[in-house]
Amino acid sequence: MPFQRHSGILLHPTSLPGPHGSGDLGPSAYYFVDWLVAGSQTLWQVLPLGGIGPGNSPYMSPSAFAGNELLIDLAQLRDAGWLSDADLSSDPAFNDGQVDYPLMQQYRMARLRLAAEKFFADSRHNPREQFTAFCSEARNWLDDYALFMALDKEYGGCGRVWQDWPSPLVRRNPEAMNEAAQTLADESNFWKFCQWCFYSQWAELKEYANKRGVEIIGDMPIFVSAHSADVWANQQLFDLDDKGRPRVVAGVPPDYFSATGQHWGNPLYHWPAHEKEGYRWWIERLRATLALCDIVRIDHFRGFESYWEIPASSETAVDGQWQPGPGAALFNAMQNAMDNRQSQLSDVPRIIAEDLGIITPEVTALRESVGLPGMRILQFAFDGHSDNLYLPHSFEANTVVYTGTHDNDTTCGWWSGLAPHEQDYVRRYLAISGEFNEWDLIRVASASVAALAIIPMQDVLGLDSTCRMNFPGHAEGSWGWRFGWHQVAPWHAERLAELTQLYGRVPKRQTDIE
């Protein structure tokens, strides 16, 4: 499905302002939607909405289906009667400009547990009926996830993973599973309560955005965490040894971001098993993601053509090798499943292929054969070669352009790091004679033929390298950036709106605002 010309902002909810240690699905998220509307922006791109993993990464979630409990707006739980005003007193150690994950997680989880205790003691029928209905609708993934989290609390800690649990639970022996489900029923129900809260709050926020003409671009990582409910519950779908541990892991070879490559550590898929079951797990995963967003960015698309396989024992990604991926068969299966589904998901899914990294003609051919738009990053464009595919004159319309992504430096930081001759090339290409400003790159993105133009919030605000979201290859210190509304001036939205009007990025049809 070809995209109309749109523009939008890349901002993960954790980066929003808020009193409880990180951004969440509370008032600031709604205010951000209103700000997008004021700036004539019709897209809000987020990072994966699942729980965080090692290094606080949303790309290492304990579930490909569950939402991040840390994004739940605690004030709404107070309004429901499950928390008090005193419970929501902000910790004075919270930093408005940076997420302190250990502190924030301790604060929020304690209050979620208190709210769950009050909820299950609540005799009102309506909330309990809604909770029961949610658990029934999501049972295909929710039961395994909730039990996984309960077992992790029981047997985890000190670096222990699910492969270290008692053998009958590792092997999912039916008798052991039934016993654990009964013994840990209360703990499992806590995690189900959290998921109900997340999904309910997110649905309300998404509806608010959609009614105001703002669509959500979600993010579906290609890989899942080794320590996840997905791998534990579907061991036959992953390349594991006889003890359930990854035999080989995912990453990328040395590239722009790292001289030793990126050793992600995710288990790789056993693709023949996926093919044998008709890619059922992937189909369900795509459906779950489409329930949370309007457009899906599939991370590391090149891995579907061929992926970098690293021995699990290797410390870096250097000693890897390319292996063939599932190719078009996976996307054809997902498309057929969506076409045959008699619901709102029967429409052609709108998917963006994150085709960055080492892109071969075979990867491009796969993307084009399945009709997906690729990505173009302006920060990658200015190497002095006029045939660089990231230069705007090389774009095609079926493209999504970014000044930078969550993995890049901010545009301000990127510019500061360029050598004088590189800065000169940028000035000459952009036809600017004075000092470079991040809005020069924002303007070029907006003016390009690319159907979608996405700008990180840091670039709108002109922030430096201290505000970048992620530093690939660094295990710690990422994902914590936050902004404050005091940093946002009226002219930011006004200038975005002007560019949107000038370059025809106001969609022909917008949902009526109610």
Side-chain angles (χ1 to χ4, degrees), residues 7-16 22-23 29 32 36 41 43-61 68 70-71 97-99 101 216-223 225 251-252 255-258 262 264 266 289 292-293 295-303 352-357 374-381 390 400-415 417 438 441-442 445 452-483:
S7 61
I9 301 297
L10 169 59
L11 180 82
H12 198 51
T14 55
S15 296
L16 288 163
S22 76
F32 182 70
L36 290 172
Q41 302 305 291
L43 299 171
W44 178 5
Q45 181 168 335
V46 299
L47 303 182
L49 292 169
I52 58 175
N56 306 313
S57 172
Y59 290 89
M60 293 290 280
S61 175
N68 184 358
L70 300 176
L71 290 176
Q98 192 75 16
V99 180
Y101 277 95
I216 307 295
I217 302 179
D219 194 327
M220 190 170 81
I222 181 174
F223 298 116
S225 173
V252 292
D255 61 6
Y256 171 89
F257 291 110
S258 174
Q262 297 178 46
W264 296 334
N266 309 78
T289 305
L292 295 173
C293 60
I295 302 168
V296 180
R297 170 193 180 272
I298 297 185
D299 186 52
H300 197 58
F301 176 82
R302 75 104 53 243
I352 297 168
E354 187 270 282
D355 57 343
L356 306 177
M375 291 172 51
R376 294 293 178 265
I377 312 303
L378 292 179
Q379 289 186 21
F380 295 161
Y390 294 102
V400 186
V401 60
Y402 297 76
T403 52
T405 73
H406 63 277
D407 284 332
N408 289 89
D409 200 345
T410 66
T411 292
C412 178
W414 163 78
W415 172 259
E438 54 277 346
L441 225 56
I442 295 174
L452 306 184
I454 308 295
I455 312 300
M457 189 66 174
Q458 293 97 316
D459 288 355
V460 174
L461 301 178
L463 302 177
D464 63 21
S465 297
T466 61
C467 299
R468 71 181 295 169
M469 193 63 171
N470 183 39
F471 204 124
H474 291 215
E476 302 293 337
S478 295
W479 314 111
W481 171 74
R482 303 177 69 193
F483 79 95

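Please read all numbers here as calculations on a predicted model, not as lab measurements.
Between the side chain of Glu354 and the main chain of His300, a donor-acceptor pair closer than 3.5 Å is present.
For the pair Phe223 and Asp299, the minimum side-chain heavy-atom distance is 4.5 Å or more. Side-chain contact between Phe32 and Ile9 is present, with heavy atoms from C-beta onward closer than 4.5 Å. The side-chain heavy atoms of Arg376 and Asp355, taken from C-beta on, include a pair separated by under 4.5 Å. Side-chain contact between Trp414 and Arg468 is absent, with no heavy atoms from C-beta onward closer than 4.5 Å. Within the 4.5 Å cutoff, the side chain of Phe483 has heavy atoms near those of the Leu16 side chain. Gln45 has its side chain within reach of Arg297: a pair of non-hydrogen atoms, C-beta onward, lies under 4.5 Å apart. Using a 4.5 Å heavy-atom threshold, the side chains of Gln41 and Ile455 count as separate. Counting heavy atoms from C-beta outward, Met220 and Leu292 have side chains that stay 4.5 Å or more apart.
Residues Ser465 and Thr410 approach most closely at N-OG1, 3.7 Å, considering heavy atoms. Across Leu71 and Pro13, no two heavy atoms sit closer than the pair CD2-CB, 3.8 Å. Here the closest non-hydrogen pair linking Leu463 and Cys412 is O-CB, 3.2 Å. Across Ser15 and Leu11, no two heavy atoms sit closer than the pair CB-CD1, 3.6 Å. Annotation for Ala453 and Ala445: closest pair CB-O, 3.8 Å, computed over non-hydrogen atoms.
Distance check: Tyr101 OH to Ser478 OG gives 9.5 Å after rounding to the nearest 0.5 Å. Rounding to the nearest 0.5 Å gives a distance of 7.5 Å between CG of Asp409 and CZ of Phe471. In this structure, Ile454 CD1 and Leu10 CG are separated by 8.0 Å, a value rounded to the nearest 0.5 Å. Distance check, rounded to the nearest 0.5 Å: CG of Leu43 to CD1 of Ile295 gives 5.0 Å. Separation of atoms CD (Gln458) and CG (Asp464) is listed at 10.5 Å; rounding is to 0.5 Å. Interatomic distance, OH of Tyr402 versus CG of Asn408, reported as 11.0 Å (0.5 Å rounding).
Residues passing the salt bridge (Lys or Arg N to Asp or Glu O under 4.0 Å) test with Asp459: none are found, sequence neighbours excluded. Under the rule for a side chain to side chain contact (heavy atoms under 4.5 Å, CB included), the partners of Pro58 that lie at least two apart in sequence or sit in another chain are Leu47, Pro48, Trp479.
For the residue pair Asp407 / Thr405, no side-chain donor-acceptor distance below 3.5 Å is found, with atom types taken as modelled. A donor-acceptor contact under 3.5 angstrom links the side chains of Tyr59 and Asp219, judged on distance only.
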request  = Take Trp481 and His406 through the side chain to side chain contact (heavy atoms under 4.5 Å, CB included) test and state the conclusion after the steps.
outcome  = CA-CA 11 Å; Trp481 171 74; His406 63 277; over 6 Å; no

